[in-house]
Amino acid sequence: KGRGLIRVKKTPSPGDRDPRRLRPGSGGDKPPEESPFAFQLKAVPLKFVKELADIVLQEAESIGSSAVFECQISPSTAITSWMKDGSNLRESPKHKFTSDGKDRKLHIIDVQLSDTGEYTCVAKLGNKEKTSKAKLVVEELPIRFTKVLEAETTVVKTQPLYLTAELSKDRDVIWK
């Protein structure tokens, strides 16, 4: 009692002479030439979606006037740097750089005549490089008298005469 007949079925192997043996490529559907799930990775080209634009400002009479160069770069992972007249700019209290997604900005604080020039945003991605350029033109404010000469001045003979005038900017003057 308790003993029964157990049948063990052997899994065929390539060396067996069984006619039902498995052979590579036998039976079943052939795989399609191309999988419906196939995809190709294509590199996103480095480009400026929005180029820099020229800026024309009037020289600031007081501290606080600023200029902002803006551009957009694709892909947003590109590394950017800034130049003025072909020389690299470093971030400083004068020059602030911002990067938010595709947006890139250069803020020039307290714009002066010396800030006039050509500014370049350089975008790099791997071994690729693109540039966008624009000019900043700072127009000089006209010089004006802030204190004018008096229309008439009376002086005692043999005493010195003092004339005073003031200009809006430091300039050499010629008295005539």
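The number of heavy-atom neighbours closer than 6.0 Å to NZ of K47, taken from other residues, nucleotides and ligands shown, is 12 or below. Crowding of E140 atom CD: a count of heavy atoms from other residues, nucleotides or ligands under 6.0 Å exceeding 12. Within a 6.0 Å radius of CG in L113, other residues, nucleotides and ligands contribute more than 12 heavy atoms. The neighbour count for K169 NZ, taken as heavy atoms of other residues, nucleotides or ligands under 6.0 Å away, is above 12. The number of heavy atoms from other shown groups lying within 6.0 Å of CZ (R90) does not exceed 12.
The pair K94-D115 counts as a salt bridge, with a side-chain nitrogen and a carboxylate oxygen less than 4.0 angstrom apart.
Here the shortest heavy-atom pairing between L52 and E70 reads CD2-O, 3.5 Å. Heavy-atom minimum distance, P75 versus V44: CD-CG1, 4.1 Å. Residues L89 and F97 approach most closely at O-CZ, 3.6 Å, considering heavy atoms. Shown here for L136 and I108, the closest heavy-atom pair between the two residues is CD2-CD1, 3.9 Å.
With hydrogens and angles disregarded, no donor-acceptor distance shorter than 3.5 Å links the side chain of S132 to the backbone of C121. Judged by distance alone, the side chain of S74 and the main-chain N or O of V49 form no donor-acceptor pair under 3.5 Å.
To the nearest 0.5 Å, the span separating CE on M83 from NZ on K133 amounts to 8.0 Å.
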